[in-house]
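One is the number of the first residue; the rest follow in order along the sequence. When reading the values below, keep in mind they use all heavy atoms of this one structure, side chains included, and skip hydrogens, waters and symmetry mates.
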Amino acid sequence: MAMRSCAGWSEEAVAEVRAEVRARALAAGGKAGAYWWSFPRRDAARRTLPPPSPDEARPSWRRARAP
């Protein structure tokens, strides 16, 4: 089962978020399918990637609420 749209989220918006999470998972050295994402362990990611910027380190829902 996969959610494709819901009240307040169009099919396009859901697809955009899925694409963003896919890109983030792959950039972190993880894997991704059509409706699933796998991120490497946090300690493994720290050894191979540069630290994120302050904005990237915060979840996007927090960025939306920041003053």
Side-chain angles (χ1 to χ4, degrees):
M1 178 169 33
M3 183 179 75
R4 294 177 51 181
S5 66
C6 66
W9 285 74
S10 67
E11 189 168 348
E12 294 81 21
V14 172
E16 287 175 12
V17 171
R18 282 194 350 247
E20 179 182 347
V21 174
R22 175 183 174 79
R24 288 178 181 247
L26 296 176
K31 298 178 182 180
Y35 296 96
W36 62 269
W37 307 273
S38 173
F39 289 82
R41 289 179 53 145
R42 204 176 254 231
D43 58 343
R46 285 187 188 151
R47 284 180 271 166
T48 59
L49 298 174
S53 72
D55 285 337
E56 291 174 4
R58 296 177 62 170
S60 59
W61 63 269
R62 285 191 178 172
R63 256 189 275 139
R65 291 183 178 181

Which pairs of donor and acceptor atoms, one on a side chain in residues 25-38, lie under 3.5 Å apart (sequence neighbours left out)?
none

For Glu11, check salt bridge (Lys or Arg N to Asp or Glu O under 4.0 Å) against everything at least two apart and list the hits.
Arg4
Non-neighbouring partners of Ala13 that pass side chain to side chain contact (heavy atoms under 4.5 Å, CB included), sequence neighbours left out
Trp9, Ser10
Value for CD (Glu16) from CZ (Arg18), rounded to nearest 0.5 Å, stands at 11.0 Å
If the condition is side chain to side chain donor-acceptor pair (under 3.5 Å), which residues does Ser5 pass it with, not counting sequence neighbours?
none
